[in-house]
2 protein chains.
Amino acid sequence: MKQGSEEQLNSAFAALADPVRRALIARLSRGPATVNELAEPFPITKQAVSKHIQVLEQSGLITRTREGQRRPCHLDPAALEALTSWIDIHRLTVERQFRRLDTVLDTLKEKES
Amino acid sequence: MKQGSEEQLNSAFAALADPVRRALIARLSRGPATVNELAEPFPITKQAVSKHIQVLEQSGLITRTREGQRRPCHLDPAALEALTSWIDIHRLTVERQFRRLDTVLDTLKEKES
DNA sequence: TCTGTTATCAACCAATTGGTTGATCAACTG
DNA sequence: CAGTTGATCAACCAATTGGTTGATAACAGA
């Protein structure tokens, strides 16, 4: 888990850019799972999945606990929320901008008529 | 702009993983701008910014129009919405999962006492 | 202690990425 | 037409990424 919110966004968005990692997240949203369980559906090696999981953990999107030799992964909803929050700020800003432009155009039309 | 929603997510999330591109989006949320205008605040070459803009355009996050020799960029709120939508589905799923677990634990506590 | 299971580490490889410089294209302006 | 401005193309480079194989660690159970 990194510190700066800037690097947090870097690594979290990068983590979501891979379809394997998005599938892992989709699976983990339905409950915790181990590396072996997560790797099972994929046509790649367990080591590759382990690397993907390290990327997700590094980005703060998932956390891991210990249960004997197993290390289940858990999805962190707060980390996901931080991403939607960043996106929504800018989406709402541009939508506001659009509405403002519409108002200007309407005003111009009224002046014309 | 790509077709498959899977590749759409790949490229859009990858686009957001770069701090320069996020800054471009933040700027564009306040209104359209040209490559030169967008490049001005950055310590990198105009060509590098042009590449970043191509990445954003390819991902569908921005569109471009023609005005003589200038080609202004516009942020597309719908593309942003598609991303928050994907994230929120899984965030809500895992939060629901948490609440379900809480209920189970509460039930167990009641049985104990 | 020996065996099987869970998971990671290390080294390597091909492809991609983010940046550079230099040339070029396309459109406006004198 | 000649010159300037906005933007892209092309070739190149260093660093990163996603994957592999093989070895190794850590723990559980007989």
Side-chain angles (χ1 to χ4, degrees), chain A residues 1-2 4 6-25 27-28 31-75, chain B residues 1-2 4 6-25 27-28 31-75:
Chain A
M1 176 123 57
K2 289 181 187 163
E6 194 74 358
E7 278 132 31
Q8 191 81 5
L9 291 173
N10 288 351
S11 58
F13 279 129
L16 292 185
D18 186 285
V20 171
R21 288 192 291 259
R22 283 200 305 278
L24 292 175
I25 286 179
R27 164 66 186 81
L28 288 174
T34 65
V35 174
N36 277 341
E37 288 163 357
L38 290 169
E40 199 271 321
F42 295 99
I44 60 178
T45 63
K46 204 173 47 171
Q47 287 94 324
V49 174
S50 189
K51 276 194 189 179
H52 281 301
I53 288 171
Q54 283 175 50
V55 170
L56 289 171
E57 192 179 12
Q58 183 81 6
S59 74
L61 291 174
I62 70 171
T63 58
R64 309 189 66 176
T65 52
R66 257 231 177 260
E67 287 181 10
Q69 72 239 22
R70 311 187 321 122
R71 305 190 49 196
C73 307
H74 310 258
L75 189 53
Chain B
M1 175 124 57
K2 290 183 185 162
E6 194 74 358
E7 278 132 31
Q8 191 82 4
L9 291 173
N10 289 351
S11 58
F13 280 128
L16 292 186
D18 186 286
V20 171
R21 287 192 293 258
R22 282 200 306 279
L24 293 174
I25 286 180
R27 165 63 187 82
L28 288 174
T34 66
V35 175
N36 277 340
E37 288 163 357
L38 290 169
E40 198 271 321
F42 294 100
I44 60 178
T45 63
K46 203 173 50 171
Q47 287 93 325
V49 174
S50 189
K51 276 195 190 179
H52 281 301
I53 287 171
Q54 283 176 51
V55 170
L56 289 170
E57 191 179 13
Q58 183 81 5
S59 74
L61 290 174
I62 70 172
T63 58
R64 310 189 66 176
T65 53
R66 249 220 185 268
E67 286 180 11
Q69 71 233 24
R70 311 187 320 124
R71 303 190 51 196
C73 306
H74 310 257
L75 189 53

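As a basis for the values below, the full set of heavy atoms in this structure was taken, side chains included, without hydrogen atoms, waters or symmetry mates. Chain letters run A, B, ... following the sequence lines, proteins first and then strands; every chain starts at 1.
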In whole angstroms, how far is the [atom2] atom of [N] from the [atom1] atom of [X]?
X       : N      : atom1 : atom2 : result
A:Lys51 : D:dT20 : NZ    : C1'   : 8 Å
A:Leu56 : C:dT8  : CG    : P     : 12 Å
A:Gln47 : D:dA25 : CD    : P     : 16 Å
B:Ile53 : C:dG18 : CD1   : P     : 14 Å
B:Arg71 : D:dT8  : CZ    : C1'   : 9 Å
B:Glu37 : D:dG6  : CD    : P     : 9 Å
A:Leu38 : C:dT8  : CG    : C1'   : 15 Å
B:Arg70 : C:dC28 : CZ    : P     : 11 Å

Next item on the list: Tell me which of A:Val20 and B:Gln69 sits closer to the 5' end of DNA chain D, going by the nucleotide each one is nearest to.
Entry: B:Gln69
Notebook entry, point to check: Starting at the 5' end of DNA chain D and moving along, which residue's nearest nucleotide shows up first, A:Ala14 or A:Gly68?
Noted result: A:Ala14
As a test of reading the structure: which of [options] is closest to the side chain of [X], going by heavy atoms?
X       : options               : value
A:Thr45 : D:dA7, D:dT21, C:dA7  : D:dT21
B:Lys46 : C:dT20, D:dG19, D:dA7 : D:dA7
A:Asp18 : D:dG18, C:dA7, C:dG19 : D:dG18

Next item on the list: State, to 0.1 Å, how close B:His74 and B:Pro32 come at their nearest heavy-atom pair, and which atoms those are.
Entry: ND1-CG, 3.5 Å
Checklist line | Nearest heavy-atom neighbours spanning A:Ala15 and A:Leu56 | finding: CB-CD2, 4.0 Å
Report yes if at least one side-chain N or O of [X] is closer than 4.0 Å to OP1 or OP2 of [N]; otherwise report no.
X       : N      : answer
A:Arg64 : C:dT8  : yes
A:His52 : D:dT17 : no
B:Asn36 : D:dA7  : yes
B:Ser50 : D:dT8  : yes

Note to self: Working to the nearest 0.5 angstrom, can you tell me the gap between A:Ile44 CD1 and A:His52 NE2?
What the structure shows: 4.5 Å
Next item on the list: Mark yes or no for whether A:Glu40, through its side chain, and A:Glu37, through its backbone, hold a donor-acceptor pair below 3.5 Å.
Entry: no
Check: Reckon A:Gln54 touches a base, only the sugar-phosphate, or nothing at all at heavy-atom distances under 4.0 Å?
Finding: sugar-phosphate
Check: So what does A:Arg66 touch, heavy atoms closer than 4.0 Å: a base, only the sugar-phosphate, or nothing?
Finding: nothing
Could you tell me if the side chain of [Y] sits less than 4.5 Å from the side chain of [X], heavy atoms only?
X       : Y       : answer
A:Thr63 : A:Glu57 : no
A:Pro72 : A:Glu67 : yes
A:Ile25 : A:Leu16 : yes

Checklist line | Under 3.5 Å side-chain donor-acceptor pair for A:Asn10 and B:Arg22 | finding: yes
Check: For the helix from C:dT1-D:dA30 to C:dG30-D:dC1, what angle lies between the axis at the first five pairs and the axis at the last five pairs, to 10 degrees?
Finding: 20°
Check: If each of A:Pro72 and B:Ala48 is mapped to the nucleotide of DNA chain C with the nearest heavy atom, which maps nearer the 5' terminus, i.e. the 5' end?
Finding: A:Pro72
